[in-house]
Amino acid sequence: MATTKITKEQWAVSESFIAKIKEDNANFAVKNGRTRLAHTETYGCQQNVNDTERIRGMLKKAGFEFTDNAEEADLVIYNTCAVRENAEQRVFGRLGILKHIKENTNPDMMVAVCGCMVQQEHITEKIKKVHDHVDLIFGTHSLWKMPELLYKTMTENGVVVDITQSDGSIAEDVPILRDKDEKAWVSIMYGCNNFCTYCIVPYVRGRERSRKPEDIIAEVKCLVKGGTSEISLLGQNVNSYGKDLDIDIDFADLIRMINDIDGVERIRFMTSHPKDLSDKLIYTMRDCEHVCKQLHLPFQAGSDKILKQMNRRYTKEKYLSLIDKVKKEIPGIALTTDVIVGFPTETVEDFKETLDIIKYVRFDNIFSFIYSRREGTPAAKLDFVLTDEEIHKNFNELLEVQNQICLEKNLEYEGRVEKILVDGRSKTNKSLMAGRTDSGKIVNFEGTEDMLGKYVDVKIVHAKQWSLEGEILR
Ligand code: SAH
Ligand code: SF4
Ligand code: F3S
């Protein structure tokens with residue numbers, strides 16, 4: 001289906017509801033002596049984080065303020081993920097707690113659940129049945145309609161539900177309220193066409209649709225004007241950007257266009273699918289001075305048998321030859337990946353091939369997951385070869401091998417001088433500032449608040465498994 005934007009008229013309807021909610025919120029404030037508060041929680045990937053930024057953008061425009069404390073909120077929104085069962089269980093757990101709060105201390109609280117999880121009908125049915133304190137449910141395709149749906153929730157009785165599928169539409173005009181100034185996520189495409197057999201994403205996010213380059217460029221220029229210098233381009237498979245557009249453009253072309261924008265210092269992107277990683281993209285990464293030396297290239301499994309059953313459409317040999325090429329063209333590049341352990345038909349021998357790749361490539365970091373059965377996907381019908389216990393044993397072995405590699409990779413940084421973009425306080429020690437290297441490593445160092453958003457040079461004095469310690473050079 002061709003990609004179309006939602007029309008100006010459609011967005012105008014949403015804006016008219018934003019105005020109505022704003023009026024209602026103003027009346028509430030007069031009556032109660034305080035502004036209505038919203039609380040948002042995001043599960044899942046950066047795409048969801050970016051969607052929450054849009055939700056918050058719309059809520060802000062409608063006169064809401066925000067709180068980190070769900071208990072005192074007038075509106076709680078959970079933006080959910082369906083990729084693994086534990087992500088769903090966490091949301092169900094949170095909904096249970098909210099039920100208690102709503103019954104005992106905050107009866108007027110509105111509860112909304114949105115995102116990937118509720119795009120699955122059986123989940124929405126379960127929420128309606130088991131969690132009747134939920135007032136609003138809307139799926140990934142209905143994000144831009146949230147103002148209308150929320151207004152309905154505020155003014156009518158009963159649960160409001162919109163999980164319609166509307167493949168092919170992109171909402172360009174939705175306002176965004178971002179968390180940080182110096183770094184921004186920019187979605188360049190939505191959906192996925194790959195149908196890896198274990199994965200629910202294509203079912204809950206719909207088919208691939210690329211944003212028009214002029215819209216992306218306009219957003220980046222606007223961000224730069226507001227002080228942003230690091231842009232992370234987002235999509236489930238950025239390497240197939242542009243294939244659905246009626247102009248001749250691919251991801252490498254888009255990167256070059258962004259690289260040329262004044263004020264863009266760093267460009268990152270995720271996620272790349274190995275089957276679509278072209279030589280052109282590798283050369284573009286090498287040649288564009290603002291593209292960070294970092295590549296996230298999920299391989300998922302090492303055995304060709306499992307890769308085939310996963311429908312990944314590359315072999316172990318192909319993957320490793322890509323890695324060799326990337327390392328040759330961009331020396332020192334930091335590599336990260338995603339791995340699934342315990343795909344139903346995976347044997348111990350298959351798993352050993354996953355370990356082979358880990359040991360050969362020596363990734364800077366990996367995101368490893370135990371396979372989680374997703375209803376409606378082809379792999380859900382397969383029988384398991386290994387027991388839970390055997391799968392966990394393999395998983396732990398993988399972690400052990402990788403943890404050592406992570407530390408060794410970080411040790412290579414000791415003594416080096418690195419330019420970092422300071423982006424906040426250290427998560428582990430609030431008296432320190434933190435930032436990231438070009439390659440994406442976290443560096444904690446003694447610094448001051450006024451460094452926020454700036455690039456500073458630090459000398460790496462100590463490497464740990466998950467972060468580096470640095471000393472600022474003056
Ligand atoms: N589009 C990206 C990844 C999206 S989901 C890509 O193709 O690389 C993020 C990661 O979750 C995947 O890379 C995969 O490792 C993991 N994942 C997806 N479905 C899963 C499942 N059913 N069980 C366990 N892990 C899964
Ligand atoms: Fe899921 Fe595969 Fe699409 Fe990634 S490429 S989102 S793993 S189906
Ligand atoms: Fe999860 Fe949806 Fe992202 S399923 S991983 S939040 S696209």
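Whatever order the structure lists ligands and atoms in, that order sets their numbers, starting from 1.
- Exactly one residue among Thr336, Ile405, Ile358 makes a side-chain contact (heavy atoms from CB on, under 4.5 Å) with Phe363. That residue is Ile358.
- Looking only at heavy atoms of the protein, atom 4 (S) of ligand 3 is closest to Ala82 N, 3.2 Å.
- Near Pro202, with a cut-off below 4.0 Å to any heavy atom, the atoms of ligand 2 are 8 (S).
- Distances from ligand 1 to the non-hydrogen atoms of Asn194 include no value under 4.0 Å.
- For Arg312, the closest heavy-atom approach to ligand 2 falls below 4.0 Å.
- Gln300 OE1, 3.4 Å is the protein heavy atom nearest to atom 14 (C) of ligand 1.
- Residue Ile340 touches ligand 1 through its side chain alone, judged by heavy-atom distances below 4.0 Å.
- Ligand 2 places these atoms under 4.0 Å from at least one heavy atom of Cys196: 2 (Fe), 5 (S), 7 (S), 8 (S).
- Within the 4.0 Å heavy-atom shell around ligand 1 one does not find Asn237.
- Residue-level proximity to ligand 1 for Thr377 is absent, since no heavy atom of it falls below 4.0 angstrom.
- If you look at Pro298 next to ligand 1, the close heavy atoms, those under 4.0 Å, all belong to the side chain.
- Residue contacts with ligand 1 for Tyr198 involve both N, CA, C or O and side-chain atoms from C-beta outward (heavy atoms, distance under 4.0 Å).
- Annotation: atom 2 (Fe) of ligand 3 to nearest protein heavy atom, Cys116 SG, 2.2 Å.
- Nearest to atom 25 (N) of ligand 1 among the protein's heavy atoms is Arg84 NH1, 3.4 Å.
- When only non-hydrogen protein atoms are considered, atom 1 (Fe) of ligand 3 lies nearest to Cys81 SG, 2.4 Å.
- Note on ligand 1: Arg312 sits in its first shell, one or more heavy atoms being nearer than 4.0 Å.
- Those atoms of ligand 2 with a heavy atom of Gln236 less than 4.0 angstrom away are 6 (S).
- Remark: among candidates Thr271, Ile340, Asn194, the nearest residue to atom 5 (S) of ligand 2 is Asn194, based on non-hydrogen atoms.
- With a 4.0 Å heavy-atom cut-off, ligand 3 is reached by the side chain of Arg205 but not by its N, CA, C or O.
- Side chain to side chain, Asp276 and Ser240 fail the donor-acceptor criterion of an N or O pair below 3.5 Å.
- The protein heavy atom nearest to atom 3 (Fe) of ligand 3 is Cys45 SG, 2.3 Å.
- With 3.5 Å as the limit, one finds a donor-acceptor pair spanning the side chains of Arg54 and Asn50.
- Ligand 1 is never approached by His273 to a heavy-atom distance shorter than 4.0 Å.
- Per-residue contacts place Arg374 under 4.0 angstrom from the following atoms of ligand 1 (heavy atoms of the residue considered): 22 (N).
- Residue Cys199 approaches ligand 2 through these ligand atoms, each under 4.0 Å from one of its heavy atoms: 1 (Fe), 6 (S), 7 (S), 8 (S).
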